[in-house]
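Report on the following structure.
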Amino acid sequence: MTASGADLAVIEGLMRAVEDFPKPGIRFWDLTTVLADAEGLAATTRLLSAAAPRAEVDVVVGIEARGFLLGAAVAQALGLGIVPVRKEGKLPAVAASRSYDLEYGSATLELPTGVLTPGTRALLVDDVLATGGTAAAACELVEGCGAHVAALAVVLELPALAGRERLGRRPLHALLAR
Ligand SMILES: O=P(O)(O)OC[C@H]1O[C@H](OP(=O)(O)OP(=O)(O)O)[C@H](O)[C@@H]1O
Ligand SMILES: Nc1ncnc2[nH]cnc12
């Protein structure tokens with residue numbers, strides 16, 4: 001088995017599905033058991049970081065809330081800083097907002113002022129890509145201030161929900177699909 005194959009096996013062995021959360025009919029993929037495990041966090045960080053050769057990315061953007069945990073680990077591994085894209089009402093200084101729908105509701109994301117400048121190359125990090133509403137909104141916020149989405153890295157893609165199609169030509173790196 002390759003090193004990355006071994007890392008994937010660690011992640012697959014630790015993640016779990018929870019039925020009917022947060023609503024009936026939703027199979028929720030829970031990565032808390034991956035992140036709570038030292039090997040699980042290390043394997044996830046290695047594989048997500050591989051989505052971005054250092055020379056092609058200037059900053060990591062983490063999407064609230066699970067993308068904060070993963071994004072900070074990836075930023076540290078790549079020697080970069082991290083910018084949080086937050087849910088509505090959490091940031092003291094907001095550059096722009098975007099509302100969107102996701103698998104089990106709707107929400108608004110906000111980008112802080114003064115942290116992304118035109119031309120900055122960003123690696124966006126989150127745990128799950130489902131409908132792609134969250135990721136598309138985050139990409140639009142980043143691009144709205146002139147920065148560039150170098151890639152989006154997620155642990156898990158749910159292909160049945162076609163989130164990849166919402167991203168257009170932006171590069172997506174998904175470690176696993178379910
Ligand atoms: O592709 P989508 O259909 O948009 O769904 C994916 C998003 O849903 C989850 O976040 P959630 O909004 O539940 O927020 P949380 O991380 O704050 O719990 C997940 O962490 C992604 O950000
Ligand atoms: N089924 C799911 N599991 C985990 N996170 C999600 N975000 C949106 N849909 C999800």
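First listed ligand is number 1; within each ligand, the first listed atom is number 1.
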Compile the donor-acceptor pairs under 3.5 Å between side chains in residues 151-164 and protein atoms, sequence neighbours left out, one pair per line.
from: Glu157; atom 1: OE1; to: Arg164; atom 2: NH2; distance (Å): 2.9
from: Glu157; atom 1: OE2; to: Arg164; atom 2: NE; distance (Å): 3.0

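- Side chain of Glu64 to backbone of Lys87: a donor-acceptor contact under 3.5 angstrom is found.
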List, for ligand 2, each N/O atom that has a protein N/O partner under 3.5 Å away, with both atom names and the distance.
from: ligand 2; atom 1: 1 (N); to: Arg27; atom 2: O; distance (Å): 2.8
from: ligand 2; atom 1: 1 (N); to: Glu103; atom 2: OE1; distance (Å): 3.0
from: ligand 2; atom 1: 3 (N); to: Trp29; atom 2: N; distance (Å): 2.8
from: ligand 2; atom 1: 5 (N); to: Arg66; atom 2: NH1; distance (Å): 3.3
from: ligand 2; atom 1: 7 (N); to: Tyr104; atom 2: OH; distance (Å): 3.2
from: ligand 2; atom 1: 9 (N); to: Glu103; atom 2: OE1; distance (Å): 2.4

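- Each of Leu124 and Leu48 belongs to its own hydrophobic cluster when Ile, Leu, Val, Met, Phe, Trp and Tyr are linked at side-chain heavy-atom distances under 4.5 angstrom.
- Arg178 has a carboxylate O that lies under 4.0 Å from a charged side-chain N of Glu12, or vice versa, which qualifies the two as a salt bridge.
- Residue pairs meeting the ring-ring contact (aromatic ring centres under 6.0 Å, His included) criterion with at least one partner in residues 7-45, sequence neighbours excluded, are Phe21-Phe28.
- Side-chain N or O atoms of Thr33 include one that pairs as donor or acceptor with a backbone N or O of Leu14 at under 3.5 Å.
- Proximity of a side-chain donor or acceptor of Asp58 to a complementary backbone N or O of Arg121 within less than 3.5 Å is detected.
- Residue Arg66 holds its CZ atom at 9.5 Å from OG1 of Thr32, rounded to the nearest 0.5 Å.
- Within 4.0 Å of ligand 1, heavy atoms belong to protein residues Glu64, Ala65, Arg66, Lys87, Leu102, Glu103, Tyr104, Asp126, Asp127, Val128, Leu129, Ala130, Thr131, Gly132, Gly133, Thr134.
- A distance-only check finds a donor-acceptor pair linking the side chain of Asp20 to the backbone of Gly25 [under 3.5 Å].
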